[in-house]
Structures are given as C-alpha cells and as structure tokens.
2 protein chains.
Amino acid sequence: MSEKLRQHIEKITPLTDIEFEYILSHFVPKKLKKHQFLVQEGAPVQYDYFVLSGLLKASYTNPEDGKEYILQFAWEDWWTTDYQAYFNQSNAILSLDCIEETEVLALSLTNREKICAEMHKIEHFFRRKSNSGYIALQRRILSLLTTSAQERYEQLLACYPDLIQRVPKTIIASYLGVSRETLSRFTY
Amino acid sequence: MSEKLRQHIEKITPLTDIEFEYILSHFVPKKLKKHQFLVQEGAPVQYDYFVLSGLLKASYTNPEDGKEYILQFAWEDWWTTDYQAYFNQSNAILSLDCIEETEVLALSLTNREKICAEMHKIEHFFRRKSNSGYIALQRRILSLLTTSAQERYEQLLACYPDLIQRVPKTIIASYLGVSRETLSRFTY
DNA sequence: CTATTAGTGTGACCTACATCACATAAAATC
DNA sequence: GATTTTATGTGATGTAGGTCACACTAATAG
C-alpha cells in the first residue's frame, strides 16, 4: 500500500529502495472510519497527510452561523491538512474528516523538515508539490471570481465526475460556495 | 537596491557574500514605467519577478465580456508572475502590468532550477516561500466563500490601508470580485 | 425490521449585488 | 492650459442566489 507513496514521489524524482525505506520510516500509517476526524478545529495540527485510499474533506465552519465551507476534497494520491496551522504549529481553524473509510500516511513537521534537510531531492519534491498546489488554488480563486455557481458545478462535474457519486450534494454545494437548495435547482 | 533580495532571502536562510553574488548573477534587473506589461496574455512567460519597488497587478481578462479580475497585487518584497504559464512554460492566461513605476529582478525558470539544484538552501528558500503563498491563497478562497463583498473590502482596508491610496477603486473592486458601482456605495 | 437521522427536491419570498445610464471630477497628454 | 482619458458617485431597475418551510426518500443504527 505504501508503494503508492513511492510511485507518487517518483513522478518527480527517482528513489533507490534504501532511500524510499528511509523516507517511509518518517511516516505513520493511520486507518480511519467514516466521520472520524484527522484535524479538529481548535486543536494543534501534528501531521500532513498523504492519502492512500478513501476520501476526506477539509472544511471551515463559520462560528457566527455554523455554516460549513469546504476548502478541499482529498483522495488517493493527494496531500492534505490545515497547512496554516501545520506550518506555524498553531491551532487548527479547519477540520479534516473522512467522508469514506480512509487510509493515510502521516508526516509530522519535524520529520518533514528532517528529511527535507537530509535529502535535497525530497526538498525538491516538496517544492514542486507546493508549486502545483499554489497553481491549483489560483485557478480556484479565478473560478470563484469569474464564474457563476452553475458554471462551477458544471466544471466540477466535468473534472471529477466520480466525486459527485461519492459525496452528498449538500457538501458539493458548500465546496462551490452555493446553497444546497440552489444547487438542487441546477439543470445539467 | 538588490540588497533587498538578500535581506528577503536571509529572512529564511543566511547567505555569505559570495553565495549572494552568485545567486544575484542569475537575475536580470528591469525598470518599468506605469502601464508597462511584464507578462502579456497569450505570450510565453520567461520570468518570475521579485519586486524591488513600485506596484504591479496580476489579472485575468474574461474574453467573453472583457471584464478584468485581479488575482494579486505585488509590491516591494513580493514575488509575482503567471506561475501556471511560468512553471509549465506555456502561454500566459494572466497579464502582469505596472500600476506605478516599478523595479524588479527577473529570474528565468532555467536559472531558478539551476540555483535550486546547485544550492540546497535556495531550494529550501523557495519551498518555504511557496508554502506561505499556498496558505495565503487558501485564506483568500475562504474569504471569498464566507464573507460579503463589504466585509472583504473592510478586511482589505484593515490589512493594507496604504494600498487603497495607491490603487484606483475600480481595480480594488475587481480584486474583491465586486462591481465598481457597488464598491462605491459601501459605507465605511 | 423499525426508528432515527441524513440527504434531496421544490415553492414562496427576500436581498446582495449587477447592470445601465448619467453626471462630475481629477489626471494625463498634447 | 485645453482636451482627452480615467476615476468616481448615484439613481433606477434587474437577477442570481439566499432563506425558510415543508415533503419525501434513502441510509444507518439500534
């Protein structure tokens, strides 16, 4: 199963068996059931998570009205956590919980910085990952600024048709920034 | 003037004089007047820019209705370019132009990858920068999802009171994702 | 297999913000 | 310093999407 991490890293940089074993030794495997939390709002954030299987959501809950907004879905081959809290070692403003039964590899900040410092190629790997993440968020901002909720829904359907099968529409709605009722009225 | 780059990098990692001179030799200094473009939509993107002085905006223009949306303002101590086009060496979808007379240090992708590969500490520096950028964009997404245009304006005023003095409100409006007319009606 | 909870659809009505249309003021440019 | 161009304010009106309320259906848990 953790071979998935190796394949994932090797998309960017090749590894010897020994290197990979060494890297892997810095991760902690975790298995979670539906509705379990990996990060809870207000609590410290120990780990960044690489998803081996399953499906998670990273969300923010507005304390004023209790409304939930989804920042990110994460499934196989994705990394996720509350990065603000993780990198600053502060308390989470986001929650991270499982929409499906999920397996992850957890990496503490200490271990991340350790393997980055020890292995230049890993620092390179994480730089590249972070760059792609940045670009993806920029696209999302552009899509929030320029397109209607209906269009955003269509784009999501086009990009991730399977996601809609796996995730309740209420949650899709709060990812798109639209009310459940409005989403349900879209024709597609 | 380029000492600013050194100070900027040394916030994350110390440099010797020789190291800094070497790094600096990979940058090209440029001076630009108001309204000059550093990146033009449709054209290849050669450089990432570190801003020494002045003020720039990175924007997307919707081809359907010609409306402009601001993705980012960049001033002293900030990096900017169309990262999607820069990293993939494809054509720009964004434009980057000067709101004020501006001085930058330009770094080609080749030179960036070269100094990152040669100097582990520079790769580290860029990883850290990219991480912060990611977190900032995530906050912006959250703010677009959870707050009204009026609140976003107030937050912007609170964070960057000087920006409002330097940038016409039409452009502030298209950063906030609100029409010029609506912005002008806000009471504050 | 029954009971509770989570998910979805739909009507009626409301509101934040967009659009269009002018008017005026302030900068740039010749 | 006269003339474009750019920036800004404000009224009238339109609309996407929000909110509330209720009905129904599908999961999930005991």
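Convention: sequence-line order gives letters A, B, ...; per-chain numbering from 1. None of these values were measured; they are calculated from a predicted model.
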Below 3.5 Å between N/O atoms, which protein atoms pair up with nucleotides 11-13 of chain D? Just atom names and distances, please.
from	atom 1	to	atom 2	distance (Å)
D:dG11	N7	B:R185	NH1	2.8
D:dG11	O6	B:R185	NH2	3.2

Presence of A:T170 side-chain N/O under 4.0 Å of C:dT8 phosphate oxygens OP1/OP2
yes
Which residue lies toward the 5' end of DNA chain D, A:G177 or B:H35, if each is placed at its nearest nucleotide?
B:H35
Picking from D:dG9, C:dT19, D:dG17, which would you name as closest to the side chain of B:S179?
C:dT19
Please pick, from D:dG18, C:dT19, C:dT8, the nucleotide with the shortest atom-to-atom distance to any side-chain atom of A:K67.
D:dG18
Partners of [X] by ring-ring contact (aromatic ring centres under 6.0 Å, His included), sequence neighbours excluded?
X     : answer
A:F20 : none
A:Y22 : A:H26
A:F73 : A:Y175
A:Y86 : none

Go through the structure and list residues passing side chain to side chain donor-acceptor pair (under 3.5 Å) with A:K121, not counting sequence neighbours.
A:E19
For nucleotides 23-30 of chain D, give me one character per nucleotide, 5' to 3': B if any protein heavy atom sits under 4.0 Å from the base, S if the only such contacts are to the sugar-phosphate, - if neither.
-----S--
Please list all pairs meeting salt bridge (Lys or Arg N to Asp or Glu O under 4.0 Å) that have one or both residues in residues 81-91 of chain B, counting only residues at least two apart or in different chains.
none
Tell me the salt bridge (Lys or Arg N to Asp or Glu O under 4.0 Å) pairs involving residues 139-151 of chain A, sequence neighbours left out?
none
So how far off straight is the helix from C:dC1-D:dG30 to C:dC30-D:dG1, going by the axes through five pairs at either end, to 10°?
60°
Tell me every residue that passes side-chain contact (heavy atoms from CB on, under 4.5 Å) with A:E113, counting only those two or more places apart in sequence or in another chain.
A:L109, B:H124, B:R127
Between A:W75 and A:Y160, what is the ring plane arrangement, given parallel below 30°, perpendicular above 60°, and tilted in between?
perpendicular
Please tabulate, for side-chain N and O atoms in residues 161-168 of chain B, each donor-acceptor pair with protein atoms closer than 3.5 Å (sequence neighbours left out).
from	atom 1	to	atom 2	distance (Å)
B:R166	NE	B:E100	OE2	2.9
B:R166	NH2	B:G54	O	3.4
B:R166	NH2	B:E100	OE1	3.1

